[in-house]
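Keep in mind that what you see is a predicted model, and the values were worked out from it rather than measured. Side-chain atoms are counted along with the backbone in the values below, which use heavy atoms only and exclude waters and symmetry mates. In this chain, numbering begins with 1 at the start of the sequence shown. Numbering of ligands and ligand atoms starts at 1, following listing order.
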Amino acid sequence: MTKLRILEFPDPRLRTKAAPVEVVDDALRALIDDMFETMYAAPGIGLAATQVDVHKRLLVADVSAEKTDPHVLINPRILEKDGVAVTEEGCLSVPGYYEEVERANHIRVAFLDRDGKETEMEAEGLLAVCIQHEMDHLEGKLFVDYLSEAKRSRIRKRLERDRRQQAVSVA
Ligand code: GNR
Ligand code: NI
């Protein structure tokens, strides 16, 4: 297993629209295992393949406190959305920033499981929010896109400044 490197805003690769997975094979399952390792180590409650520079429609999530409820969704499609949830969201690709985002509180979603079998599930609350956040990544969209241009550009400038500072301090 390998911990993968997570791309950070404003990396243009985060804007890539992911392509459908054509075959669910051992190589894809190895990527899924690496994505779980990366997500749990971060730590985070979800991770989209886009964030590790793999532009396939694939996400993992586990919102349980004990990290005992892993979900893998391949080629996810939202079938139904209901209700409203306003959540203070964060993103491993926008480290250190948390802002309220409004999404559906309840979703029904169809996807392929890790054996390539067509499946459906319902999710609500934080899991529903997380799946929507990850599905946005697969479209090249980030939670900061829901904020004002002023807020988004402030976050971008601070992240760029922090990264320059890190580069200097290891030099
Ligand atoms: O770890 C994460 N926490 C989180 C909190 C509220 C709403 C969404 C998320 S997802 C995020 C991990 C991540 O960046 N996934 O893409
Ligand atoms: Ni994210």
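By the criterion of side-chain heavy atoms lying less than 4.5 angstrom apart, applied directly or through intervening Ile, Leu, Val, Met, Phe, Trp or Tyr residues, I131 is not grouped with Y146; the two fall into different hydrophobic clusters.
Taking any N or O of Q51, backbone or side chain, at least one lies under 3.5 Å from an N or O belonging to ligand 1.
Remark: minimum distance from atom 14 (O) of ligand 1 to any protein heavy atom is reached at L92 N, 2.8 Å. The nearest protein atom to atom 8 (C) of ligand 1, hydrogens excluded, is given as H133 ND1, 3.6 Å; this is a heavy-atom distance. Of the protein's heavy atoms, I45 CG1, 3.4 Å lies nearest to atom 3 (N) of ligand 1. Looking from atom 12 (C) of ligand 1 to the surrounding protein, the closest heavy atom is G46 O, 3.2 Å.
Between V72 and L58 there is a side-chain heavy-atom pair separated by less than 4.5 Å.
Taking every non-hydrogen atom of C91 and a distance limit under 4.0 Å, the qualifying atoms of ligand 1 come out as 14 (O). Listed by number with element, the atoms of ligand 1 under 4.0 Å from a non-hydrogen atom of E88 are 6 (C).
Using a 4.0 Å cutoff on heavy atoms, M39 does not count as a contact of ligand 1.
Checking R15, K17, R103, K141 one by one against D136, the salt bridge (charged side-chain N to carboxylate O under 4.0 Å, His left out) holds for a single residue, R103.
Atom 11 (C) of ligand 1 has its nearest heavy-atom neighbour, among G90, G44, A85, in G90. Looking at E134, E89, H137 and measuring to atom 10 (S) of ligand 1, the nearest heavy atom belongs to E134.
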Pair E139-R57, salt bridge (Lys or Arg N to Asp or Glu O under 4.0 Å): steps then yes or no:
CA-CA 9 Å; E139 296 299 316; R57 306 189 74 80; 2.4 Å; yes

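Here the straight-line distance linking atom CG of L7 with atom NE2 of H137 works out to 10.0 Å at 0.5 Å rounding. Interatomic distance, CG of D33 versus OG1 of T2, reported as 10.0 Å (0.5 Å rounding).
Counted by atom type alone, E8 and S93 present zero donor-acceptor pairs between their side chains at under 3.5 Å.
Seen from the Ni ion (ligand 2), atom SG of C91 and atom NE2 of H133 lie 110° apart in angle, a value rounded to 10°.
Applying the 6.0 Å contact sphere to CD of E160 captures more than 12 heavy atoms from other residues, nucleotides or ligands.
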